[in-house]
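Below is one structure, written out as structure tokens; the observations come after it.
Computed from a predicted model, the values in this text were never measured in an experiment. Quick note: residue numbers are just sequence positions, from 1.
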Amino acid sequence: MVKSAAGDGTGGPEQPGERASAIARRLDRLMAREATRSGGRPPAYRELADRINRLAGRDVISRDTVRNLHLGLNQKGQACNPTVDTLDWLGRGFGIGAGASYFLDDAKAAVVDEQLDQLERIAELRQALGNDGVVSLVKRASALSDGSLRVLLSLADNLRKLEQDASGQGASGQGVVGRGVAGQEPGPTGAG
């Protein structure tokens with residue numbers, strides 16, 4: 001018996017529509033992650049197919065195949081039924097070594113998604129550590145008690161919200177924490 005991609009626990013044969021939907025949802029998540037990393041635009045189907053074909057060193061997938069997998073339907077409006085090889089290359093195109101098992105196995109997909117979440121957090125941390133002000137703040141905060149760290153985190157959240165609100169007002173709201181880099185006077189906030 002085949003494990004159900006829908007995760008219904010019945011252990012019965014998987015319905016093609018359920019499998020196609022699961023593949024489409026996972027592909028959509030991968031494309032959304034890539035859009036977030038690249039500034040908001042997911043890869044076009046052609047770009048993704050070209051990337052996979054370059055990786056394979058031959059034509060293994062077409063733009064239409066990627067589109068159909070993303071939509072969960074084939075040209076006739078029926079559930080798509082890709083080969084394991086196609087899904088394997090699709091996974092590799094997103095840097096997933098698990099390939100086809102990511103699209104077909106709920107447990108494997110959960111593990112890979114958690115790993116991708118961790119990689120995103122590491123990338124955010126690396127980007128933040130490229131800012132000297134952030135590094136200075138981290139060094140100073142490392143000696144604080146847990147209670148003081150919670151206060152500092154709350155303050156950082158409040159400052160971020162103030163800056164986001166101010167950025168919606170255009171240049172006139174710039175002074176909220178405009179020059180608040182370590183060692184410099186903060187901008188005019190009305191607080192003394």
Side-chain angles (χ1 to χ4, degrees), residues 1-131 134 157 160-161 163-165 167-168:
M1 297 201 146
V2 177
K3 181 180 181 229
S4 173
D8 62 8
T10 63
E14 168 181 282
Q15 296 298 315
E18 293 171 357
R19 181 179 52 236
S21 293
I23 291 168
R25 279 191 312 275
R26 289 181 180 135
L27 179 55
D28 192 52
R29 275 197 311 257
L30 291 173
M31 293 178 83
R33 283 180 190 275
E34 191 161 314
T36 299
R37 270 195 320 273
S38 67
R41 188 180 75 75
Y45 298 136
R46 179 175 304 285
E47 291 171 315
L48 191 52
D50 289 346
R51 177 192 317 165
I52 293 166
N53 291 331
R54 276 192 310 275
L55 183 64
R58 59 187 168 89
D59 287 345
V60 295
I61 198 165
S62 71
R63 169 194 63 150
D64 292 333
T65 300
V66 175
R67 183 193 68 232
N68 293 342
L69 290 170
H70 189 217
L71 299 176
L73 299 172
N74 66 19
Q75 298 289 3
K76 297 177 185 175
Q78 301 168 330
C80 61
N81 191 18
T83 65
V84 171
D85 192 49
T86 296
L87 293 176
D88 197 41
W89 281 112
L90 185 63
R92 290 182 194 179
F94 283 98
I96 298 174
S101 61
Y102 172 77
F103 293 101
L104 299 174
D105 184 317
D106 291 336
K108 180 60 93 172
V111 168
V112 169
D113 284 337
E114 177 58 31
Q115 291 170 342
L116 291 172
D117 288 343
Q118 289 174 357
L119 287 172
E120 285 176 9
R121 288 190 296 271
I122 290 170
E124 290 170 356
L125 182 58
R126 289 185 76 192
Q127 181 179 5
L129 290 176
N131 179 328
V134 171
D157 288 341
R160 182 178 34 209
K161 183 174 180 346
E163 287 185 347
Q164 288 172 344
D165 291 348
S167 69

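Residues forming a salt bridge (Lys or Arg N to Asp or Glu O under 4.0 Å) with Arg121 (at least two apart in sequence, or on another chain): Glu114. By the side-chain contact (heavy atoms from CB on, under 4.5 Å) test, Gln127 pairs with no residue at all, sequence neighbours left out. Applying the side-chain hydrogen bond (donor to acceptor under 3.5 Å, both in side chains) test to Glu34 and every residue at least two apart in sequence or in another chain returns Arg51. Listed by chain and number, the residues in a side-chain contact (heavy atoms from CB on, under 4.5 Å) with Glu124 amount to none (sequence neighbours excluded). The side-chain hydrogen bond (donor to acceptor under 3.5 Å, both in side chains) check on Arg160 picks up Asp157, with sequence neighbours excluded. With sequence neighbours excluded, the residues that form a side-chain hydrogen bond (donor to acceptor under 3.5 Å, both in side chains) with Asp28 are His70. In this view, Ser62 and Thr65 satisfy the side-chain hydrogen bond (donor to acceptor under 3.5 Å, both in side chains) rule, not counting sequence neighbours. Taking the side-chain contact (heavy atoms from CB on, under 4.5 Å) definition, one finds that Leu125 meets it with Leu129, sequence neighbours left out. Remark: Ala44 pairs with Arg41, Glu47 by the side-chain contact (heavy atoms from CB on, under 4.5 Å) rule, at least two apart or across chains. Under the rule for a salt bridge (Lys or Arg N to Asp or Glu O under 4.0 Å), the partners of Asp117 that lie at least two apart in sequence or sit in another chain are Arg33.
Taking all atoms of both residues into account, the shortest heavy-atom contact from Tyr45 to Val66 is CD2-CG1, 3.6 Å. Summarising the geometry of Pro42 relative to Ala35, their closest heavy-atom pair is N-CB, 3.4 Å, with the distance given to 0.1 Å.
Side chains of Arg26 and Asp106 form a contact here, defined as non-hydrogen atoms less than 4.5 Å apart.
The closest donor-acceptor contact from the side chain of Asn53 to the backbone of Ile61 lies under 3.5 Å.
Of the inter-residue distances, the one linking Arg126 atom CZ with Leu119 atom CG reads 11.0 Å to the nearest 0.5 angstrom. A distance of 10.0 Å separates CG of Asn68 from CZ of Arg63, quoted to the nearest 0.5 Å. In this structure, the separation between CG on Leu30 and CZ on Arg25 is 13.0 Å, given to the nearest 0.5 Å. Once rounded to the nearest 0.5 Å, the distance linking CG of Asn81 with CG of Leu69 reads 10.0 Å. The structure places OG of Ser38 at 10.5 Å from CE of Met31, a figure rounded to the nearest 0.5 Å.
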Show me the side-chain donor-acceptor pairs of residues 84-102 shorter than 3.5 Å, one per line, residues at least two apart or across chains.
unit_1	atom_1	unit_2	atom_2	d
Thr86	OG1	Thr83	OG1	2.9
Asp88	OD1	Ala100	N	3.4
Asp88	OD2	Arg92	NE	3.4
Asp88	OD2	Arg92	NH2	2.8
Ser101	OG	Ala98	O	2.9
Tyr102	OH	Asp113	OD1	2.8

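Within a 6.0 Å sphere centred on CZ of Arg46, heavy atoms belonging to other residues, nucleotides or ligands number 12 at most.
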Going through the checks in order, is the salt bridge (charged side-chain N to carboxylate O under 4.0 Å, His left out) test met by Lys161 and Asp165?
CA-CA 6 Å; Lys161 183 174 180 346; Asp165 291 348; 3.1 Å; yes
